[in-house]
Asker: 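One structure follows; several queries about it will come next.
Here is how names work: the chains are called A, B, and so on, in the same order as the sequence lines, proteins then strands, and each is numbered from 1.
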Amino acid sequence: MQDMKNSIDSTLRLQRHGHNRFIRIWGLLKKEVLQVLRDPSSILIAFILPLILLFLFSYGVSLDLREIKIGVVLEQDSSKARDLLSAFQGSTYFKLRVARDRRQLQPLLVGGRLQAIVVIPAEFTRRKYRGDDNPVQIIVRGTDANTGELIQHYIEATWRRWLSQQGTAQSNAAAANLIDVRSRVWFNEEVESRAALIPGSLAVIMTLIGTMLTSLVVAREWERGTMEALLSTPVTRGDLFLCKFVPYFLLGIMAMILVTVISTWGLDVPLRGSFWALLMVTSAFLAYALGLGLLISVVAGNQFVATQGALIAGFLPAFILSGLVFEINSMPWPIRFLTYLFAPRYFVSSLRTLFLAGDVWQIIAPNVIVMTLLGAVFLIITARKMPITLETGK
Amino acid sequence: MKLMLYRIARLTKKELLAVLKDRRSRFLLIGPPLLQLLIFSFAATLEVRNVTLGVYMEDHGRAARDLLARFQGAQRTFRTIRYYRDLKTVRQAIDNQEILAAIHIGPDFSKHIELGVPERVQVILDGRNANAASVVQGYINRIVEDYVKETLSRLHEPGIAKATSLDSIVTRKWFNPNADPQWSTVSALVGVLCNLVVLLITALSIARERELGTFEQLLVSPLRPAEILIGKSVPAILLGFIEGIFMTCMAVVIFDLPLTLKGFVLLLGTIFAFVFSVVGVGLFVSSIAKTQQQGFLGAFTYQVPATLLCGFATPVENVPDWLRWLAYVNPLQYMVTLSRTIFLENPSTRVVLSMAWPLVPIGLVTLAAATALFRRRMQ
Amino acid sequence: MHAAIELRNVTKRFGQDIPPALVDITADIQVGRVTGLVGPDGSGKTTLLRLMAGLLKPTEGEIRILGKNPSNPASEVKGVLSYMPQRFGLYEDLTVMENLHLYADLRGILGRHRREAIDRLLAFTNLGPFTNRLAGKLSGGMKQKLGLACALIQRPKVLLLDEPSVGVDPLSRRELWQMVHELAEEQIAVVWSTAYLDEAERCTQVLVLNEGHLLYQGPPSQLTERIKGHTFLVSVPESRRRRFAIETLQKQEVLDSVIQGKRIRLVMNSSFGDATQFGEEAEAEPVAPRFEDAVMFLLGGIPKERVQNAREVLGNGSLEEETGNEVVVESMELTKQFGSFTAVDRVSFKVRRGEVFGLLGPNGAGKSTTFKMLCGLLRPSFGEAKVAGVDLLKAPATARERIGYMAQKFSLYGDLSVRQNLEFFGGVYGLSGKNLDETVNRMIHTFQLGPFRDTNASALPLGFKQRLSMACAIMHRPAILFLDEPTSGVDPITRREFWVRINSLVQGGTSVVVTTHFLDEAEYCDRIALIYEGRLIALSTPDEIKNMVRTTDLPDPTLEDAFIGLIRHNVKSSVDAKHEYAGG
């Protein structure tokens, strides 16, 4: 008996040795990486969907209006009226449809075949010189409120430009030139929506990898029965935690590098900040995303619940509550309050600054701190809740 | 024939039971969509409000103060105004995103304005948020223009003032007179959320049977492949349809969207055609997926681009031509447009049909593709 | 001397309202021997193993492994303990080799030791040619072997195996057993949980569990001793054999009745002197009891009502005793190729009406593939499969109407109730209206599912799941019933009952095609087809097959002996012997 005890103790001593611990972790890491690479749905989420997103954000999703379908009613056939008509025709923003009677065009507003109608009334030139009522009318389709506003402004701008070209009355000249507004847009001269969307898209992509993909990993081990075998080996909580955290962290960083390279070289998005700052910011967010994803994974009993949780707690906030597409400051205060609780808003803000402005530490530092704190909370809870027995009754 | 229909009916009943009896499935039908409806409808706004504006005034004369007053009065957009003493601090403030935009009024502003001498106002905007920047830029321009008009009318002869006042346009808004963005969002959401629910139900259905092992049992039964697919489609169409009705009711009850009876009927018809085409996509994914996880993620991968390219957040016309075809084969795009139109525009049946007809061929194609793939995978 | 594993008053409860999983278990498990853990499904075997592995904590009582507490992480017992769970713990996305390396990593086995261990294990499991195959693509038996290999990558001091031989063919099972025994002799304590009572018999010591209670602890022979004089072998002509076995099960005095070789083995509940009361045709002689008999005795045998109930005739037609001449299943030169590999090579046989036909063979030999082609789940590359006269390729749906199918895992819809499952399957097979209602009620009555009528299928105990699965398969009175390892994992009593039911079906005119690894069940077949390496190597009645391997050394071979002997005989070369296909 003593012999046996001795031999056991020496075996255990060997295993307690750090070297063995390292081999265990290394083995687990290898397994995790192989699993990710061989599972088509992982590839889908970690590579293909981010590329699709990048593609769509560059070309598909844009707030810059073009090809606005409008109708112009030419009730009067004077040269002035035709001149105004050609102003609209010449604009690259509009796609025109001309008619003589407004009743021909009005039904086309229904269903959006036309977005707006400009009416140049019969009394156009006459009224202008007699000082009576307003000459031109616009009817705008307000179904899509935001777009409707924008279209209205575009039409009004075209009208004003035409007006200033007329330059008939002194007052016009005076009016037109009294105040000259010179605007400069910093960091994004062309005001390209792409420049603002793409850096922010990293938030969604990191969430896909860090939260959605990771939420499945522990739940999957339970469902497939591999957890039971793992737990019967000398594997510790720390080993398990590391083997789930590290591969997906690295995957996230790789994705970040890929997206940055594509954006800066292929899509003309500038990176004015330093790479190290980007790395730091991304790591902080990844810590949060992974913490959230792993916590969901450990707490959810199965993959179904895990995916739901990841969708609601991870993806939706990254998309809706991050400031990426929708304006946070315009949201009602309860929702605005919600955005402070999730890391994506801090990440998007840091990314936009990093890419377009540079290393502005006043913005980046607090964001990093908050994200790290949030991440730390999740990671600590997760590490504690990592299973080491089957006692949870799964 | 009768036997075939009977078999399909049995399968349909089984599918419905399987979805409705499982607590988690039931939750999935109601919880996430409702949550998304509530958050999206309040959060989905492209308006720009509560902006902090920076002002650097080198002149405190009457004209300058008048102009400033206009900005101060635009409370909805410019909630906070900060004052700066020099350009350097203004620049820093923009860098640090303390302010989104800044206006700079020169030292001789009031003097020149009184005399009718042209003056310049400088505006700096933070372009990191492109949308906000361009909207605020336009807004500032308009405020200045209004100011100019009023100043002129005050300073010069009424005649010229009147003449200049002619230069405005009268605008009428149809369909959404208050330009309530919620109306646009919520009416579109009916389609988006319906899409999500139908996709999830169908994408998971075959994959789950595969995982549980009951799929083999189905294959050994007299059910033909087409019957299996139909049997799985019908419950999804039914449930999607009910989901659509539910969302519509929510829209009317919670958000006060206007909807006539005729509109309601048209909307139901549209939802039905829409659900029909989405089911094909879901079944397609389900035929490829070997596990539930793959089914879910596959459906998700379809859902994201579909939602981005449907006109919900950004207009479809903004998509460049070479990419536009994607939007035209996206059933969600039709649903969103139709939904908004029906809720807000009270269209005639003819118009609705002319807009909705593409849903049918799209549905037929997706279902045919799903069937072909399913048949192949069965071997 | 201290035992390797000491269990003291171990009780495990999973909740207040449900009966405890284990009650007051006290036992010692020694080093250097294989201890068998035996009991029906649900008796607590897996729970006990998990407790020993440190994966669960006892609610009351103590467990000591080599003097230490396994569920305390600091005790580091896991370093010297190897556990193979019921689901093997394999990573399906990893190859065979990668799985082995992973467990070697986890156990800290390096360098030369690792290489040697892996070579040894690959040789033993015959998995050498498959090192680069994904574990998910292995057949059931191969997965089992790989699972065991991963558990054995280190030389543990304690080895816990949860039903390691389920679904493994007899040849491999013997090899497994051999290897584990050798291990045990190297001063390792082995606990082997099993449903195969013949394996348990070979253990040095057994623990018999039932409903969480320990019924017996000690050498199997001691238990067997207790029923000396209670067991008999009765010779009955082949044609009457099955009937006799089932009829005797109903008698009050008979605890168990099984077909063994040419005779029927009876276990009586009291000593008998008189052998004549079994009828004129029957000659009874006393025989030494087996461990299985002893366990049946301990468990009280099969309740008579269950036998009575199972005997209700369920078939689709006449009550003829003789098997008719009508051919119901025909396989003609059936061949299946996967790429360049031929899984099934020109297999031909016919199944007649009212026959019980067995398809046997080692894992990966092509028997599952043949089975699937006959059910219509796979398309043959060449050849024809006809069922009830209908070619499966030409009119698949019509053919399928005549088939009933019971899958290995009892594929039922867990979220649906018993009644809803029955209604669904009945409906799909064409039953409707009043007919459907009546049939559903009849099934519920016949299979005694009454109390579970509205219970979700997932909540049923395993035995009842099996019944429901069978009910769903025969509702539409199929001409042929296909059974894929129908008694896998089920306790011996339920297994007996099951075969009584099968017999009633067959009496009613249904034909049955069955695959199984329980060779004592294969004795119930009228004819057996033995498939090895895709070819049919034997096709006869059980008796004739046994005759094929009869020698003077082995005058009365069991079917298992015949199985092993015939396969060894057919091994072309040592290389070919390892060429198992795992497509299933």
Side-chain angles (χ1 to χ4, degrees), chain B residues 1-29 201 204-206 208-232 234-235 290-294 375-379, chain C residues 92-93 136 371-372 374-381 387 392-393 395-417 419-433 436 454 456-458 469 472-473 475-476 478 480-482 484 584:
Chain B
M1 180 62 187
K2 192 161 152 232
L3 201 56
M4 178 173 93
L5 287 176
Y6 177 69
R7 276 201 295 266
I8 295 177
R10 280 279 151 198
L11 182 55
T12 305
K13 183 173 174 196
K14 187 267 292 180
E15 291 288 319
L16 278 173
L17 278 174
V19 170
L20 295 175
K21 274 188 86 168
D22 181 15
R23 207 160 41 104
R24 291 179 330 206
S25 293
R26 273 205 307 264
F27 171 73
L28 169 66
L29 286 180
I201 295 181
L204 291 178
S205 66
I206 299 182
R208 184 173 27 198
E209 295 226 33
R210 276 221 186 93
E211 258 189 27
L212 292 179
T214 52
F215 197 54
E216 245 184 21
Q217 200 75 36
L218 277 186
L219 293 179
V220 156
S221 71
L223 285 169
R224 294 163 175 78
E227 290 171 18
I228 296 182
L229 276 183
I230 297 178
K232 288 198 173 287
V234 172
K290 295 208 192 76
T291 64
Q292 284 189 78
Q293 174 189 340
Q294 287 182 356
R375 272 223 175 89
R376 228 168 0 108
R377 298 289 287 203
M378 285 224 320
Q379 263 310 338
Chain C
E92 310 233 323
D93 293 323
F371 192 76
K372 288 197 173 153
L374 290 173
C375 297
L377 287 171
L378 274 183
R379 249 205 181 100
S381 311
V387 160
L392 273 168
L393 265 180
T398 328
R400 287 192 235 126
E401 278 166 23
R402 317 273 178 90
I403 297 178
Y405 179 73
M406 242 180 97
Q408 196 175 5
K409 303 261 174 60
F410 312 143
S411 48
L412 301 163
Y413 289 99
D415 289 324
L416 267 51
S417 72
R419 194 168 50 93
Q420 286 163 342
N421 265 288
L422 286 167
E423 280 174 356
F424 171 64
F425 283 108
V428 158
Y429 278 96
L431 299 175
S432 63
L436 178 63
D454 292 313
N456 280 358
S458 56
S469 189
C472 292
M475 273 181 88
H476 58 289
I480 309 113
L481 183 59
F482 283 90
D484 189 1

Asker: With rounding to the nearest 0.5 angstrom, report the CG to OG distance, L17(B) to S417(C).
Answerer: 8.0 Å

Asker: Check each atom of F482(C) against the heavy atoms of chain B and say whether the ones under 4.5 Å are side chain, backbone, both or neither.
Answerer: neither

Asker: Just by modelled atom types, is the G414(C) backbone N or O under 3.5 Å from a matching donor or acceptor in the S458(C) side chain?
Answerer: yes

Asker: Which bit of E401(C) is near chain B, if near means a heavy-atom gap under 4.5 Å: side chain, backbone, both or neither?
Answerer: both

Asker: Top residue by heavy-atom pair count (under 4.5 Å) with chain C, among K13(B), K21(B), E209(B), E227(B)?
Answerer: K21(B)

Asker: Does R10(B) count as lying over the ring of F424(C), i.e. NZ or CZ under 6.0 Å from the six-ring centre, within 45 degrees of the axis?
Answerer: no

Asker: Where does K14(B) contact chain C at under 4.5 Å (heavy atoms): side chain, backbone, both or neither?
Answerer: both

Asker: List for me each residue that meets ring-ring contact (aromatic ring centres under 6.0 Å, His included) alongside Y405(C), sequence neighbours excluded, and say none if there are none.
Answerer: none

Asker: Can you tell me if R210(B) uses its side chain to pair, donor with acceptor, with the backbone of K290(B) under 3.5 Å?
Answerer: no

Asker: Side chain, backbone, both or neither: which part of L11(B) has a non-hydrogen atom closer than 4.5 Å to chain C?
Answerer: both

Asker: Return the set of residues passing salt bridge (Lys or Arg N to Asp or Glu O under 4.0 Å) with E216(B) (not counting sequence neighbours), or none when no residue passes.
Answerer: K372(C)

Asker: Measuring heavy-atom distances to chain B, does N456(C) have an atom under 4.5 Å in its side chain, in its backbone, in both, or in neither?
Answerer: side chain

Asker: Is chain B contacted by the side chain of L392(C), its backbone, both, or neither, given a heavy-atom distance below 4.5 Å?
Answerer: neither

